[in-house]
Amino acid sequence: MAYRATFVSKDPLNYFLQTSDEGPHLRVSDVVVRVNLDPGQIFSRFIRMATNSQWSHSSLLYLINDPPNGFDNTFLVEAMTTGVRVASWRNEVIPYNTFTVGIKRPRLDWYVETPREINKHDASDPEDVVGIDYLRHIRGMAIDQVNNLYDHNVVWELTSLYIERIAREHLSVIPLIAEAAAGAANMFKHWEEDTSKADPMFRFICSGLVQYSFFEALRVRINNDLAIPAHRDAAMSNLSNLHRIIFRDDPQQVIPGYIQQVQSGKLKLSDPVPGDVINLLQTSTPADFNDSPNLEWRYIIKEGMVWQISPAPANYIPASQDESNVLALMRPAHPVK
């Protein structure tokens with residue numbers, strides 16, 4: 001799909017604050033991808049190199065500013081090696097010459113609301129859209145789950161899974177990956193000695209946790225809805241579309257297989273999620289989010305300039321070099337062959 005980028009603001013802090021009833025520019029559970037261009041961020045460079053991507057970190061929009069209710073800022077959920085934190089939007093974009101940010105939104109045109117969800121809609125709420133209860137559930141899941149997943153054993157396991165995946169997909173850079181992996185192992189040896197130094201090293205893991213939160217929130221909702229006769233049709237429809245909140249490739253058809261097993265009764269949604277499903281979710285990368293057609297591009301912030309992204313004709317030609325540079329950030333990390 002072709003896109004155009006339209007410059008809309010040179011103030012990424014105030015532009016995204018909700019100041020009228022026209023509807024927010026951001027939405028809860030929007031997916032934020034980011035790159036840290038600080039030369040000292042070696043692991044950020046490794047992730048971009050190994051995944052052939054412009055991005056090295058991801059997070060979730062947690063709360064849109066709401067002055068009447070006492071929230072004057074916008075916040076994100078960010079997963080770190082020491083746990084989860086709620087970070088200010090300011091910290092995501094400043095300094096402008098260090099951070100480049102992309103904003104993508106999950107497509108929910110497939111999502112079927114239950115009668116309860118339909119009745120809860122509030123026309124006076126500018127954030128209220130189809131699926132808003134699910135989107136709010138995702139952010140809660142991110143906070144609830146991330147601390148359970150972030151312990152030392154899991155970081156070891158995720159690191160090995162990432163290295164295995166990256167090596168399999170990018171054979172040409174295996175020597176460099178091996179070298180980086182050795183460096184990572186050495187850093188782990190000093191983890192207990194200085195946790196603060198380890199803090200920025202494994203931010204790429206958070207993309208897996210973002211993906212996990214989308215999946216787990218929908219799984220829980222479907223499971224709950226199946227127990228309510230009036231909600232069953234919506235639940236079954238959403239179950240058949242579970243793959244639509246998977247933002248990475250699935251060459252082994254793990255998710256379709258899981259859906260089929262649940263639909264056939266071989267598995268229950270209340271059963272523990274199979275290990276191959278968990279591994280698929282947790283090893284998602286920012287590059288996957290960049291490429292996923294299940295996420296819709298909305299904005300890119302480059303050097304403090306806000307560009308709105310919209311679909312364009314296939315033969316669209318950028319109007320300026322600046323626009324071309326912005327669109328280059330969206331190029332597929334893994335083009336479809």
Side-chain angles (χ1 to χ4, degrees), residues 8-9 11-20 22-36 55-80 83-94 99-108 111 122 125-146 203-218 221 244-245 247 284 286 288-290 292 294-302 306-309 329-330:
V8 292
S9 176
D11 184 358
L13 294 181
N14 289 315
Y15 179 78
F16 289 106
L17 294 181
Q18 177 64 25
T19 57
S20 71
E22 67 182 18
H25 297 301
L26 299 176
R27 184 179 296 165
V28 60
S29 290
D30 279 352
V31 174
V32 178
V33 289
R34 189 184 72 180
V35 59
N36 187 337
W55 312 103
S56 59
H57 178 60
S58 60
S59 57
L60 274 177
L61 251 297
Y62 176 71
L63 181 69
I64 311 298
N65 75 299
D66 185 2
N69 288 314
F71 299 105
D72 292 322
N73 202 348
T74 293
F75 297 92
L76 306 96
V77 181
E78 287 196 315
M80 311 294 284
V84 64
R85 70 176 185 181
V86 176
S88 167
W89 175 247
R90 172 183 293 272
N91 295 337
E92 197 73 7
V93 298
I94 292 179
F99 296 130
T100 299
V101 177
I103 300 163
K104 299 193 76 174
R105 181 165 296 168
R107 300 181 188 273
L108 291 184
Y111 183 80
D122 180 359
D125 181 358
E127 193 179 62
D128 196 312
V129 295
V130 172
I132 188 62
D133 271 10
Y134 169 51
L135 294 173
R136 289 169 174 163
H137 195 160
I138 293 164
R139 69 179 181 186
M141 191 63 66
I143 287 181
D144 289 343
Q145 296 297 324
V146 73
R203 292 191 177 196
F204 68 100
I205 294 174
C206 69
S207 54
L209 296 177
V210 168
Q211 173 65 93
Y212 178 85
S213 297
F214 272 89
F215 171 88
E216 184 66 1
L218 188 58
R221 295 180 74 82
R244 296 195 179 224
I245 48 83
F247 308 135
S284 300
D288 294 320
F289 296 167
N290 177 85
S292 176
N294 292 333
L295 292 167
E296 175 188 16
W297 278 106
R298 304 293 294 183
Y299 297 95
I300 285 180
I301 304 169
K302 179 174 169 46
V306 181
W307 296 80
Q308 187 172 23
I309 308 302
L329 293 168
M330 301 160 49

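Both backbone and side-chain heavy atoms feed into the values below; hydrogens, waters and symmetry mates do not.
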Open item on the list: Can a donor-acceptor pair be found, under 3.5 Å and without considering hydrogens, that links the side chain of Q211 to the backbone of F247?
Closed with: yes
- [ ] Of all the heavy-atom pairs spanning L13 and V93, show the shortest one and how long it is.
- [x] CD2-CG2, 3.7 Å
Task: Interatomic spacing from OG in S29 to CG in L108 - rounded to 0.5 Å - done: 9.5 Å
Open item on the list: Using only atom types and a distance under 3.5 Å, with no angle test, would you say the side chain of R139 pairs donor to acceptor with the backbone of Y62?
Closed with: yes
Open item on the list: Within the 4.5 Å heavy-atom criterion, are L26 and I103 side-chain neighbours or not?
Closed with: yes
TODO: Please report the closest heavy-atom contact between L135 and P106, naming both atoms and the distance.
DONE: CD2-CG, 3.9 Å
TODO: State whether the side chain of Y212 and the backbone N or O of A142 hold a donor-acceptor pair below 3.5 Å, judged by distance alone.
DONE: no
Task: Where H57 and P286 come nearest, the two heavy atoms and their spacing - done: N-CG, 3.5 Å
Task: Side-chain donor/acceptor of S213 to backbone N/O of L209, under 3.5 Å - done: yes
TODO: Could you check E92 against R34 for side-chain contact (heavy atoms from CB on, under 4.5 Å), going step by step and ending with a plain yes or no?
DONE: CA-CA 8 Å; E92 197 73 7; R34 189 184 72 180; 3.3 Å; yes
Open item on the list: For the CG atom of N294 and the CG atom of D288, what is their distance to the nearest 0.5 Å?
Closed with: 11.5 Å
- [ ] Identify the heavy atoms of N73 and S88 that sit nearest to each other, and give their distance.
- [x] ND2-OG, 2.9 Å
Open item on the list: side-chain contact (heavy atoms from CB on, under 4.5 Å) for E127 and V28? Distances and angles first, verdict last.
Closed with: CA-CA 8 Å; E127 193 179 62; V28 60; 3.8 Å; yes
- [ ] Evaluate side-chain contact (heavy atoms from CB on, under 4.5 Å) for I94 paired with F99, printing each intermediate quantity in order.
- [x] CA-CA 7 Å; I94 292 179; F99 296 130; 5.8 Å; no
Open item on the list: For a side-chain contact (heavy atoms from CB on, under 4.5 Å) check, start with the C-alpha distance between I138 and L60, then their side-chain angles and the critical distance, and finish with the verdict.
Closed with: CA-CA 9 Å; I138 293 164; L60 274 177; 3.8 Å; yes
Open item on the list: Tell me if a side-chain donor or acceptor on S207 pairs with a main-chain N or O of S284 at a distance below 3.5 Å.
Closed with: yes
- [ ] Rounded to the nearest 0.5 Å, what's the gap from NE2 on H25 to CG on D30? Could you check?
- [x] 12.5 Å
- [ ] Could you tell me the separation between the CZ atom of R27 and the CZ atom of R136, rounded to the nearest 0.5 Å?
- [x] 11.0 Å
Task: Distance flag, aromatic centroids of F16 and W89, threshold under 6.0 Å - done: yes
Open item on the list: What's the separation between atom CZ in F289 and atom CH2 in W297, rounded to the nearest 0.5 Å?
Closed with: 11.5 Å
Task: Rounded distance (nearest 0.5 Å) linking atom CD of E216 with atom CE of M141 - done: 5.0 Å
TODO: Check each of V35, V101, T100 against L329 using the side chain to side chain contact (heavy atoms under 4.5 Å, CB included) test, and report the only one that passes.
DONE: T100
TODO: Can you see which heavy atom on L295 is nearest to which on V31, and at what distance?
DONE: CD2-CG2, 4.0 Å
Task: Taking every non-hydrogen atom, the tightest pair across Y111 and R221 - done: OH-NE, 3.4 Å
